[in-house]
Amino acid sequence: MSDPISYLFAFFSTVVLIGILTPLAHRVNLIDKPNSRKKHETDTPLVGGLAIYAGIIISFLTLGYSF
């Protein structure tokens, strides 16, 4: 996975997945709520890692890389 197209495809598929998974995270209550120990002031969806992992897997599968 050394060509730039693979990296761009993984990046854009991750961006799309974050857009899809964020509203889903709110519906299934997969959010981090602020409290006294945290710096964020609003509910934060916890789907970034899942989107990154899925974006890389999608990139591998669609571009013909094997595991």
Side-chain angles (χ1 to χ4, degrees):
M1 191 163 158
S2 62
D3 57 344
I5 294 174
S6 300
Y7 294 120
L8 287 173
F9 191 75
F11 172 76
F12 286 117
S13 61
T14 300
V15 169
V16 169
L17 283 169
I18 287 174
I20 293 170
L21 291 175
T22 298
L24 181 65
H26 286 285
R27 274 188 251 138
V28 297
N29 203 22
L30 188 61
I31 53 174
D32 186 25
K33 298 184 189 254
N35 61 25
S36 61
R37 298 181 309 142
K38 300 177 181 160
K39 294 187 179 197
H40 56 87
E41 297 178 3
T42 60
D43 292 344
T44 304
L46 300 173
V47 294
L50 180 63
I52 291 170
Y53 180 74
I56 291 171
I57 296 299
I58 289 170
S59 178
F60 278 165
L61 293 175
T62 57
L63 295 174
Y65 292 102
S66 63
F67 294 100

> Distance from I52 atom CD1 to I57 atom CD1, nearest 0.5 Å?
Replying inline: 12.5 Å
> Mind checking whether V16 and F9 sit in one hydrophobic cluster, side chains of I, L, V, M, F, W, Y counted as touching below 4.5 Å?
Replying inline: no
> Considering residues at least two apart in sequence or located in another chain, which fulfil the salt bridge (charged side-chain N to carboxylate O under 4.0 Å, His left out) criterion with K33?
Replying inline: none
> In Å and rounded to the nearest 0.5 Å, what is the OG to CZ distance from S59 to F11?
Replying inline: 13.0 Å
>> As an exercise, state the distance from CG of L61 to CD1 of I56, rounded to the nearest 0.5 Å.
In response: 12.0 Å
>> Tell me every residue that passes side-chain contact (heavy atoms from CB on, under 4.5 Å) with A25, counting only those two or more places apart in sequence or in another chain.
In response: L30, P45, V47
> So I20 and L24, side-chain contact (heavy atoms from CB on, under 4.5 Å) or not? Walk me through it.
Replying inline: CA-CA 7 Å; I20 293 170; L24 181 65; over 6 Å; no
> Does one hydrophobic cluster hold both I31 and V28, with members joined at side-chain heavy-atom distances below 4.5 Å?
Replying inline: no
>> Using 0.5 Å steps for rounding, measure from the CG atom of N35 to the NE2 atom of H40.
In response: 7.5 Å
> What are the two closest non-hydrogen atoms of L17 and G55, and how far apart are they?
Replying inline: CD1-N, 3.7 Å
> What residues form a salt bridge (charged side-chain N to carboxylate O under 4.0 Å, His left out) with D32, not counting sequence neighbours?
Replying inline: K38
>> When you compare the side chain of P34 with that of E41, does any pair of heavy atoms fall below 4.5 Å?
In response: no
>> Return the OH to CD1 distance between Y53 and I58, rounded to the nearest 0.5 Å.
In response: 11.5 Å
